[in-house]
Amino acid sequence: MGVKAHLSFLRAIYKLEINTAMEYRFNFISQTIGMFVNDIFWIFFWFLIFQKFGSIGNWGYHEMLLLYAVLPTSFGLVMILFGNWAYLSKMIEEGNLDYYLTLPKNELLHILIKSRYSGMGDVLFGLGLAVFTLSLNQVPLFVVMVVSSGLILLGWTLFTNSFSFYVGRFQDAARAAREAIIIVSGYPFSVYSGATKFILLFIIPAGFVAGVPVELLTHFSMKWFLITVGFSLAFFAFSVWFFYNGLKRYESGNMLAMRG
Amino acid sequence: MSLAKYYEVAKIHILEKISYSWNQVFYGLIIGIVLFVFVHIWQAIYAGKLTIEGFSIAQMIWYLALAEVIVFSAGGQGIERIGEDVKSGIIASSLTKPINFVGKEFAVLLANFIYTFLISGFIAFAVAYFLVGPIPFHFANLPMLLVMIAGAAVLNFTLVIFFGLFAFWFEDVSSIYFIYQKLIFIMGGMLVPIDVYPIWVQGIVKYLPFSFITYMPAKLFVHFEWSAFLTGMIGQLAWILVGAMLLKVIYDKGIKRVNINGG
């Protein structure tokens, strides 16, 4: 299947998702507002913390606002575009991949595509914050950082959820792993050094989700820019490989179901 | 009403968890990693200070360890699971069974709490011990602490089922789950003890149910006081009563919206 066919496939699916969102308008709006409120809690929390302590490891409230411009935007985009990411483990364990495997589309892409409306609230919040915290010349870097951050989030979730192929039941752990990378990413990255920093960059890549992007937005470094972009692409590619390698072990659920 | 069937539900749930021990071990490791990160943050915040709001750094880390274990064992994601049961119609089929839906969910949440608490607690406390060493703890206070943790769990289950049943009106309750999680993290005092907040914020959050789920048990763990224990007990009981009443109202109203089409 070529790029053009993929694009037309994506266009058709997302058009359907938009129509569904409009059909369930109340749900769409309530989910969007819900996540927006959820993000307000975070910046209020950090406002209180920085009021109390002034700074944490050279980061001030401004850096935290930048972090909450990057993190909700990338998280929200993944939710909107690939909303099944968090349910992959469950789908594997319950044998729900059969439907996708029999079709001529790219299996992983097809499995992941699903719009979770709550992501819209995150994206609006992140972009809204970006308008207040970024200068115009920072916008291109912000866009690249959001994409690389999204790739890391998606890659990590794909990687941890794919363990279900190898060890069986892994839902709770995969969920905890996704929540952990989001929690860890939401803290000032400046407090880490040495081995801890290395682990949080290259083993559990939480640092690349928001910490390094914020540091690049405040003090640009070509070396770290290239590392961030290169690592996010390589890590995502590795996760895709890990998924397909696991897929060879997939056992069908022998489930007959209609999919509307 | 026989409790035996709910006991069986809980037992099956625990046996299921035991069968997939990898899942739980990895879950515990993740909790350990998050705690490890908290230690770094707090080391940076303490830098030179001996105490913050009466907490030494060791007390702070043990506080966070217990608070985190309670939250991760609390099964907040049950909101999404219950929401899915409402949406998919599983709740409708449960009406034909001789087991109460709310009671069954309660049993599942309780089983999950006990099992996850033991596994993740062991790992989180080991990480805390390894990173900051022991803190003084009087084992005579252990029964009161366990009562407080049990009260926290029951209050949390009531809220989780209550919010999950919002799915009768909302198509998707995942944003409600995220908001509930944030309320517990921030207002419940999982990320920092609420003593760190300004007085006016403390004045509000100390009376909300979330602080009785995490802050109260964790604070008593590192700094036991009878007056705080009694306040915590009263607060938990009051909120459990309020929660149970609200739960009954929302369940009764919601179940009337169920349409059964046979099949």
Side-chain angles (χ1 to χ4, degrees), chain A residues 24 26-28 30-42 44-45 48-49 51-53 55-59 79 86 93 116-118 121-122 160 163-164 166-181 183-184 187-188 190-193 196-197 199-200 204 206, chain B residues 16-17 19-34 36-47 49 52-53 68 72 75-77 80 84 112 116 120 166 169-183 185-187 190-192 194 196-198 201:
Chain A
Y24 297 100
F26 172 70
N27 181 41
F28 174 70
S30 63
Q31 292 282 313
T32 303
I33 294 173
M35 287 314 281
F36 199 90
V37 170
N38 171 67
D39 294 331
I40 289 175
F41 276 123
W42 276 122
F44 177 63
F45 167 72
L48 296 178
I49 294 298
Q51 281 269 306
K52 173 88 179 173
F53 300 113
S55 68
I56 300 174
N58 301 328
W59 273 36
M79 288 286 270
E93 288 162 27
R116 304 277 163 194
Y117 311 141
S118 55
D122 283 313
T160 51
F163 270 90
S164 286
Y166 300 87
V167 298
R169 174 100 175 205
F170 208 69
Q171 282 180 41
D172 297 337
R175 185 176 195 115
R178 189 175 74 109
E179 287 183 358
I181 201 170
I183 293 174
V184 174
Y187 277 81
S190 52
V191 298
Y192 308 112
S193 57
T196 312
K197 188 171 180 176
I199 291 168
L200 289 177
I204 305 162
Chain B
E16 188 192 343
K17 294 244 167 214
S19 317
Y20 302 109
S21 46
W22 252 109
N23 194 25
Q24 289 303 316
V25 170
F26 197 82
Y27 192 80
L29 281 175
I30 293 288
I31 293 173
I33 290 165
V34 173
F36 186 68
V37 169
F38 282 172
V39 171
H40 277 80
I41 300 285
W42 283 102
Q43 278 171 341
I45 293 174
Y46 268 82
K49 300 185 192 87
I52 291 177
E53 302 301 339
E68 201 194 336
F72 274 83
Q77 64 271 27
E80 285 188 311
E84 204 51 49
N112 178 65
T116 312
S120 56
F166 269 53
W169 292 270
F170 294 83
E171 184 69 14
D172 189 341
V173 287
S174 54
S175 69
I176 294 177
Y177 161 58
F178 279 116
I179 292 177
Y180 179 70
Q181 191 193 43
K182 247 41 92 208
L183 290 169
F185 280 11
I186 297 168
M187 297 193 178
M190 187 200 93
L191 299 175
V192 292
I194 57 183
V196 167
Y197 296 147
V201 178

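Predicted model only: the values in this text are computed from it and were never measured. Quick note on labels: first sequence line is chain A, next is B, and so on, each numbered from 1.
With a 4.5 Å cut-off on non-hydrogen atoms, Phe53(A) touches chain B through its side chain but not through its backbone. Neither the backbone nor the side chain of Glu68(B) comes within less than 4.5 Å of any heavy atom of chain A. With a 4.5 Å cut-off on non-hydrogen atoms, Ile204(A) touches chain B through its side chain but not through its backbone. Of the atoms belonging to Ile52(B), it is side-chain heavy atoms, and not backbone ones, that fall under 4.5 Å from chain A. Gln51(A) does not touch chain B: none of its heavy atoms, backbone or side chain, sits under 4.5 Å away. Proximity to chain A (any heavy atom under 4.5 Å) is restricted, for Leu183(B), to the side chain, taken from C-beta onward. Residue contact with chain A, scored on non-hydrogen atoms closer than 4.5 Å, involves the side chain of Tyr177(B) exclusively. If you measure heavy-atom distances from Gln43(B) to chain A, you find no contacts under 4.5 Å at all. Only the side chain of Ile49(A) comes within contact range of chain B, with at least one heavy atom under 4.5 Å from a heavy atom of that chain. Contact annotation for Ile179(B): both backbone and side-chain heavy atoms come within less than 4.5 Å of a heavy atom of chain A. Contacts between Phe178(B) and chain A at a heavy-atom distance below 4.5 Å involve backbone atoms as well as side-chain atoms. Of the two parts of Val201(B), only the side chain, counted from C-beta on, holds a non-hydrogen atom closer than 4.5 Å to a non-hydrogen atom of chain A. Using a 4.5 Å cut-off between heavy atoms, Tyr117(A) does not touch chain B at all.
Looking at heavy atoms from C-beta onward, Val184(A) lies out of side-chain contact with Phe36(B) at the 4.5 angstrom threshold. At least one side-chain heavy atom of Lys17(B) sits under 4.5 Å from a side-chain heavy atom of Asp172(A). Taking the side chain as every heavy atom from C-beta outward, Phe41(A) and Met187(B) approach each other to under 4.5 Å. Contact of the Leu191(B) side chain with the Trp42(A) side chain is registered, since non-hydrogen atoms from C-beta on lie closer than 4.5 Å. Put simply, the side chain of Glu80(B) reaches to within 4.5 Å of the side chain of Arg175(A), judged on heavy atoms. Looking at Leu200(A) and Val37(B), their side chains come closer than 4.5 Å, going by heavy atoms from C-beta outward.
The distance from the NZ atom of Lys52(A) to the CD atom of Glu53(B) is 3.5 Å, given to the nearest 0.5 Å. Atom-to-atom distance recorded for Gln31(A):CD and Ser175(B):OG is 4.0 Å, nearest 0.5 angstrom. The distance from the CZ atom of Phe185(B) to the CG atom of Asn38(A) is 10.0 Å, given to the nearest 0.5 Å. To the nearest 0.5 Å, atom CD1 of residue Ile40(A) and atom NZ of residue Lys182(B) are 13.5 Å apart. Expressed to the nearest 0.5 Å, how far OG of Ser190(A) lies from CD1 of Ile41(B) amounts to 7.5 Å. Summarising the geometry, atom CH2 belonging to Trp42(B) is positioned 7.5 Å from atom CD1 belonging to Ile56(A); distances are rounded to the nearest 0.5 Å.
Note on Ala180(A), Gly34(A), Ala176(A): by heavy-atom pairs under 4.5 Å with chain B, the leading option is Ala176(A).
Ring geometry, Tyr192(A) versus His40(B): the interplanar angle falls from 30° to 60°, so the pair is classed tilted.
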